Participant: 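Mind having a look at this structure? Questions to follow.
In what follows, every chain begins at residue 1, and chains take the letters A, B, ... in the order their sequences are listed. Predicted model only: the values in this text are computed from it and were never measured. Note that these values count all heavy atoms, side chains included, but never hydrogens, waters or copies made by symmetry.
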Amino acid sequence: LAEAANPFRCKPDEKYVMNVMVSGVEYWFPVYEMFKQAAQQFGCKTEYTGTPEYDVNKQIATFDQALAQKPAGVLVHPMNSDPFIEPINRAIEQGTAVVTFAADSPNSKRVSYITSDNVAEGTYAADAVAKAMGGKGEYAVLENPGQDNHDKRVAAFIARMEKKWPDMKLAGRAASNQDPTKAYQAVLSLTQAHPDLGAVFMPEANSAIGAAQAAKEGGGKVRVMLADVNAKILDMIKAGEIFGSVNPNQGMQGYMGFMLLWLAKHPDLIDPMNDAKRSGFNAMSVPFVDNGFSIVTAENADDFYWDKYLQRRGTKGIEE
Amino acid sequence: MAVEIKPAGRRGNIARMATLREAGLIAIILALCIAMSFASPHFLTWGNLRAMMMSFSIEGIVVVGMTILLIVGGIDLSVGSVVCFSMVVSGALFLSGLDPWTASLIGIAASALIGAVMGFFVTVVGLNHFITSLAAMVIVRGMCLVVTKGTPLSLFTLPPEFKALGQGSFRDIPYVILIFVMVVAIFDFLLRRATAFRKVFYTGSNEKAAQYSGIKTSHVKFWVTVLCSTLAGLAGVIYMARFGAATPTFGAGMELNIIAAAVIGGASLNGGSGTIFGAILGMALLSVVTSSLILLDVSVYWQDMIKGCILLAAVSIDHFLHSRKF
Amino acid sequence: MAVEIKPAGRRGNIARMATLREAGLIAIILALCIAMSFASPHFLTWGNLRAMMMSFSIEGIVVVGMTILLIVGGIDLSVGSVVCFSMVVSGALFLSGLDPWTASLIGIAASALIGAVMGFFVTVVGLNHFITSLAAMVIVRGMCLVVTKGTPLSLFTLPPEFKALGQGSFRDIPYVILIFVMVVAIFDFLLRRATAFRKVFYTGSNEKAAQYSGIKTSHVKFWVTVLCSTLAGLAGVIYMARFGAATPTFGAGMELNIIAAAVIGGASLNGGSGTIFGAILGMALLSVVTSSLILLDVSVYWQDMIKGCILLAAVSIDHFLHSRKF
Amino acid sequence: MTEAPILEIRNLTKTFGPVLALSEVKFELFRGEIHALCGENGAGKSTLMNMIAGLLQPDDGEIVVDGQRVSIASPAAAQSLGIALVHQEIALCQDATVAENIYMAAINRRRMPLMNYQKLYCDAQRVMDLLAPIPVRTRVADLSISNQQLVEIAKALTLDCKVLMLDEPTAALTESEARRLFAIVRGLKQRGISIVYISHRMAEIFSLCDRITIFRDGRYVATDPIEAVSPDDVVRKMVGREITQLYPDKLLPQEKPGRAILCVEGLADGKRFADVDIEVREGEILGVGGLIGAGRSEIAQTICGIRAAVAGTIALNGSPLNIRHYRDAVDAGLVYLSEDRKGSGLFLDMPIAANIAALDLGRLTGRLGLLDRRAEAQQASCLTRRLGVRMAGVEAAVSTLSGGNQQKVAIAKQLSISPKVIIMDEPTRGIDVGAKVEIHRLLRQLASQGVGIIVISSELPELIGLCDRVMVVREGKIAGELGADELSEEAIILLASGVQQTSTQQEEAKNVA
Ligand SMILES: Nc1ncnc2c1ncn2[C@@H]1O[C@H](COP(=O)(O)OP(=O)(O)OP(=O)(O)O)[C@@H](O)[C@H]1O
Ligand SMILES: Nc1ncnc2c1ncn2[C@@H]1O[C@H](COP(=O)(O)OP(=O)(O)OP(=O)(O)O)[C@@H](O)[C@H]1O
Ligand SMILES: [Mg+2]
Ligand SMILES: [Mg+2]
């Protein structure tokens with residue numbers, strides 16, 4: 001009866017799963033934290049799964065295994081888009097809702113995709129760097145060629161520079177592949193080759209630790225700009241060793257990710273004026289949601305520490 | 001002098017020894033499976049087993065080539081890159097208008113060519129397999145980046161009959177698994193019985209003695225190197241069919257997993273010994289462990305650690321059962 | 001029959017041979033440097049050379065340990081994980097209130113302990129180095145995750161005198177480079193001259209022969225394994241001082257680079273040969289190539305390919321100069 | 001002898017799985033004696049030595065050293081008891097120098113933290129020169145197998161030991177090195193060191209040893225003072241039957257050898273030898289003699305295409321052969337038995353049957369390119385029976401065989417293809433008297449069937465007893481040829497060294513002249 005009164009409740013064994021690659025890495029934790037919170041508010045069970053490795057084949061194996069347990073929905077970060085088409089479609093067929101986050105599989109039948117706008121992130125980062133340099137000078141980028149969202153950020157960064165800041169010159173590009181030692185070596189080499197280098201941008205946080213150290217040793221003239229944060233990055237931002245970071249709104253990704261999943265699992269809650277019933281199309285489909293991002297600077301850095309956040313909330317993070 | 005001659009059995013000693021060897025691994029895998037089926041009701045479902053087999057079938061094809069290469073005393077660190085290369089070349093050719101089957105054949109041929117170049121450096125120039133294949137790993141990965149310009153090729157338009165190769169099934173048994181079982185069966189048989197493959201054992205066991213037996217060991221090494229790359233190329237094409245995509249970063253780090261599987265299965269890094277069946281069991285062991293941890297919902301922080309410990313324990317038990325040196 | 005006794009030179013035969021060997025690598029590196037100095041005016045500046053040395057100095061410490069381990073016939077795939085582990089353990093202890101020097105010592109000791117456990121599995125249980133260190137690689141990486149809970153430890157509060165270890169210099173020469181040069185000099189000397197280290201060569205060259213001479217080869221193997229992990233631990237602590245952070249993913253994939261450096265420098269994967277100086281030259285070669293490509297502003301898509309080709313060419317030339325088997 | 005033995009073995013038993021290698025054997029060694037240990041291949045001699053040296057542990061029985069019952073757990077333990085062993089199989093560190101190999105045990109024990117290479121090279125050279133002038137700074141890998149054997153012996157001489165056990169030290173040596181060794185061994189005996197000497201060469205045993213102990217099939221048979229027995233007695237006790245004729249009959253002078261089977265002209269490799277002409281005729285056995293390092297092995301390997309030739313022609317049965325690879329030679333029926341059975345003769349980890357089949361898999365291959373394993377096993381059991389290999393079965397790994405039996409497997413491999421010409425490099429190295437007779441008889445039989453046979457041997461009695469004609473090689477050139485009636489030890493040594501061996505004074509005088 002209570003259920004009839006309140007449709008926004010889960011059935012006793014309704015389970016929602018979040019599936020990622022490199023699952024031991026902290027980027028996912030705040031996402032899952034809010035995913036879990038939303039689920040608890042609905043009285044649903046959740047599970048955090050994925051492979052600790054950076055390997056699409058292994059991630060699909062974990063995805064398939066999760067599917068074998070017939071969960072109500074999966075919030076997935078597909079490491080590569082197309083390889084997930086078939087598994088996602090299989091999930092939809094067996095009645096498991098699928099929503100992608102932070103990376104998409106656009107050609108699959110996933111109901112929704114939630115992400116921050118990588119292009120906007122790259123564009124903003126470019127503006128911030130260029131402004132600080134007075135619109136004039138040399139910059140470089142560190143890349144992780146092959147990872148889609150990273151490539152988008154870098155491309156947007158460079159495109160914005162070329163379009164809006166004609167006096168900003170691209171001095172060099174190097175592949176750091178998320179490895180701090182490679183980033184360290186690359187930035188040292190770049191500063192040697194280009195003594196006037198004023199900024200370096202990278203699309204993730206791992207490289208930044210090495211890059212910032214190299215920049216510091218190079219005399220501190222190079223502004224380090226990146227995407228994502230972690231405790232070390234935050235400390236360096238506060239100390240002025242890192243210029244800034246664009247950080248996707250992870251909590252929103254998780255919370256809205258859950259909502260989208262839950263809705264997709266319960267499409268009969270609405271009765272829209274369209275052909276959904278006839279065509280078998282999911283009536284609750286919301287193709288795209290932008291979760292937004294924050295700009296992390298010395299002033300607001302304190303709000304982004306994971307351990308402080310966890311303490312404040314008193315939960316066990318991904319371990320529940 | 002009393003010479004006692006035992007009648008030679010139907011199967012030779014090599015085959016029998018190998019079977020015995022593998023019994024230990026089979027026992028360990030079964031024990032794990034049984035324990036798991038108590039711990040998780042999902043484990044022994046066809047869905048889960050299918051997922052597990054799917055996850056190692058294509059890699060298993062590469063393991064076959066690697067095992068033969070290890071037997072001849074070589075090693076190939078470039079397999080991950082070559083898998084990716086075959087995928088990327090076939091994908092790019094398909095996108096440029098070729099039909100997918102022809103494109104795949106060219107992709108596999110290109111992989112074989114890479115094997116031939118490595119074989120050249122090993123047998124003619126005289127470098128060793130490790131350093132040659134390490135350089136090849138870097139070069140071929142670079143070629144993947146160049147071909148794709150760093151972005152995954154979307155092969156959404158692959159015709160369904162080609163995609164079926166990677167995604168379709170025959171009565172609930174995926175083609176992928178069928179192909180894998182076929183490749184394993186063929187090469188396991190050949191390795192035990194075919195004359196040509198016996199030379200692989202001779203060369204790996206004592207290259208000089210093989211030369212003193214009139215075996216052209218550099219030919220043997222060359223062709224085995226080519227075979228390993230060719231099988232990696234085949235795997236790449238099947239991955240392409242399965243994923244409908246060609247990603248330039250695919251397969252990075254795959255080589256260690258594959259070598260580990262072969263070594264767990266009894267292949268020696270010094271050459272001269274190893275079996276395909278054993279290597280596949282090694283692969284299965286790794287897969288069962290990984291998959292158990294996920295099903296048991298072990299914390300991600302602990303997964304790696306527990307996985308490594310189980311691996312070490314399994315290898316030690318196996319070693320203890322046969323007291324053979326790995 | 002006339003007995004001819006050649007006067008023994010001041011340096012032994014091995015030492016002279018080794019010097020010759022390394023001449024090829026030195027020539028190749030110099031050739032590259034000279035070519036680069038034409039292409040880029042910045043290349044031969046002290047700043048750039050310093051930067052290049054900085055970039056491989058800490059890894060160079062690990063290379064020392066790996067080379068000795070290769071000489072004894074072992075291999076260690078876990079070095080990257082152990083570097084990270086030492087970093088993470090020291091970092092966590094520091095954060096929990098210990099002074100950084102004590103914390104670092106404990107971190108190094110913990111790394112040595114990991115080496116001891118591996119040594120146990122190799123010498124007592126009888127597994128081989130490859131599979132043992134592969135399992136250790138996974139386990140230790142897992143421990144890093146457990147300790148850090150997946151997030152980098154920020155060691156921003158490290159006292160400056162400790163940070164100086166990784167960031168400071170003595171008259172424009174960074175301490176890191178000084179430490180590196182010292183470690184290399186000491187171990188190169190010991191390996192050529194110390195009685196204890198000669199046993200490493202003997203064990204790696206022919207374990208049985210060494211045993212026949214009364215050498216306790218399992219002790220030798222055990223201690224070399226411990227040494228390799230200990231040096232990795234030392235590197236980890238220096239990395240911590242340099243980056244002021246402890247990242248749980250640090251050092252992943254490092255092992256291949258390090259083994260490659262040693263092998264380019266003349267170490268054999270079959271044991272029995274190799275020099276520290278050569279291995280460091282191998283590392284330097286890799287570093288010069290990488291850094292040249294960045295200085296020349298080569299497209300990231302082409303960097304890998306060109307790097308691999310230069311590597312292959314360099315190794316082939318070197319091989320040709322000495323026609324020695326890698 | 002009232003004195004207590006320095007080493008005593010009581011009721012020692014050792015099994016390897018189902019194989020009973022030694023069964024309740026006993027052995028006594030007194031101070032300052034040279035004690036021969038004899039037995040057929042596989043009788044258990046090396047196994048006993050390995051247990052005394054701490055490499056193997058007995059299943060049962062006692063080892064008593066100086067009246068103390070001891071258990072010898074490792075080679076180091078044996079060393080500290082003053083026991084040293086020269087192994088039958090060469091076990092040297094190939095990548096290290098000769099000097100380091102010689103002094104390895106000392107380096108291991110030394111307290112000094114740093115190496116003193118100068119002293120090491122001087123000392124090592126001094127020891128080495130007692131045997132042969134091998135430069136001690138060379139890497140062992142660059143030495144021929146016989147020189148490696150000398151290093152192995154030199155190594156034992158540096159050990160400060162009470163008991164020295166030599167397991168077939170002369171198997172790979174020529175007469176002159178062997179003589180130097182005997183002089184050294186007698187010197188050691190003078191100093192009160194006890195020596196166990198294992199050999200299959202009767203002449204050596206009778207000229208060198210004081211007492212002799214005989215094993216048969218892993219059991220103790222007898223111990224006698226050497227004066228009390230004759231070589232024939234020893235052979236009878238070893239083999240269990242009478243051996244009447246040590247060498248098969250040679251070709252009679254009136255039956256001249258037939259047409260030429262193998263004809264080599266003007267062969268040169270551009271490095272070690274030049275202008276080599278060889279002719280092997282139907283029905284004869286051609287011997288090749290020379291000192292260690294004369295280049296005999298290299299000539300043989302070049303004929304077979306294992307090494308590259310720069311000049312010369314080879315004809316088989318009148319038709320020229322174009323050999324670019326050893327495979328071509330094998331296909332033409334020309335085979336070479338390597339002197340280094342461990343390094344290049346055998347696949348130690350593989351089964352006996354697979355070893356024997358390695359030379360020509362084609363004949364064992366059925367349709368579809370599959371190997372006929374039944375035929376493989378049959379071939380192996382047939383050949384091993386013919387050569388009397390003592391083994392558990394044809395599927396056992398070669399590494400489980402005794403040294404002499406391994407050699408027999410290597411020979412079986414050459415015979416497996418019914419060759420037209422066999423070149424055998426030290427064919428009977430390490431083979432016992434009885435089996436040697438069998439192999440010689442077999443060679444003679446093959447020769448009479450029209451197979452061309454070349455035997456390279458460092459054992460002069462073998463060359464003289466077996467061959468119809470002996471070619472002597474000196475420093476890469478053919479120094480001369482001796483017909484059946486000219487064969488004698490002196491004649492061969494004269495040709496091989498270029499000088500009279502009898503007196504050094506004479507030798508030097510000649511050189512000056
Ligand atoms: N590791 C082993 N495994 C199985 N059997 C072995 C092993 N080592 C030796 N044997 C067997 O033990 C027996 C004795 O061998 P051993 O080497 O002592 O003979 P030997 O008297 O030295 O002969 P040879 O004159 O040929 O050197 C042989 O039958 C041999 O096959
Ligand atoms: N790999 C090698 N490197 C350098 N020198 C070698 C090598 N192999 C052999 N030699 C040298 O070549 C010479 C000829 O060796 P070879 O074995 O042909 O002589 P041989 O007459 O057959 O004598 P034996 O076999 O009795 O030693 C020897 O002085 C040996 O030291
Ligand atoms: Mg013996
Ligand atoms: Mg010879």
Participant: Check whether C/Phe189 gets within reach of chain D through its side chain, its backbone, both or neither, counting any heavy atom under 4.5 Å.
Facilitator: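 Just its side chain gets close to chain D.
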Participant: In terms of heavy-atom pairs under 4.5 Å, which option from D/Cys93, D/Ala105, D/Ala76 contacts chain C the most?
Facilitator: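 Result: the option with the highest number of such pairs is D/Cys93.
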Participant: Would you compute the distance between atom CE of D/Met115 and atom CZ of C/Arg198 and round it to the nearest 0.5 angstrom?
Facilitator: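 Taking CE in D/Met115 and CZ in C/Arg198, the distance rounds to 5.5 Å.
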Participant: Looking at side-chain heavy atoms only, is the closest gap between D/Ser74 and C/Lys216 below 4.5 Å?
Facilitator: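 In short, these two side chains do not touch, never coming nearer than 4.5 Å.
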Participant: Nearest 0.5 angstrom please: C/Asn206 CG to D/Ile90 CD1, how far?
Facilitator: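 The distance works out to 11.0 Å.
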Participant: If you round to the nearest 0.5 Å, how far is CG of C/Leu190 from CG of D/Leu114?
Facilitator: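 Taking CG in D/Leu114 and CG in C/Leu190, the distance rounds to 7.5 Å.
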Participant: Find the one option among D/His87, D/Gln79, D/Met112, D/Gln94 whose heavy-atom pairs under 4.5 Å with chain C are most numerous.
Facilitator: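 Option with the greatest count: D/His87.
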Participant: Name the region of D/Leu55, side chain, backbone, both or neither, that has any atom closer than 4.5 Å to a heavy atom of chain C.
Facilitator: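 For D/Leu55, side-chain heavy atoms alone lie under 4.5 Å from chain C.
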Participant: In Å, rounded to the nearest 0.5 Å, how long is the span from CG of D/Leu92 to OG of C/Ser205?
Facilitator: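 Between D/Leu92 CG and C/Ser205 OG, I get 9.0 Å after rounding to 0.5 Å.
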Participant: Please give me the minimum heavy-atom distance between D/Pro75 and C/Tyr212, naming the atom from each residue.
Facilitator: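 Heavy-atom minimum between the residues: CB-O, 3.8 Å.
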Participant: Do C/Tyr202 and D/Ile107 touch side chain to side chain, with heavy atoms closer than 4.5 Å?
Facilitator: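 A side-chain contact under 4.5 Å exists here.
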Participant: Considering residues, nucleotides and ligands other than D/Glu475, do more than 12 of their heavy atoms fall under 6.0 Å from its CD?
Facilitator: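 Counting neighbours around CD of D/Glu475, 12 or fewer heavy atoms of other residues, nucleotides or ligands fall under 6.0 Å, so no.
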Participant: Heavy-atom distance under 4.5 Å between the side chains of C/Ile215 and D/Met104, does that happen here?
Facilitator: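 Contact flag for C/Ile215/D/Met104 side chains = yes.
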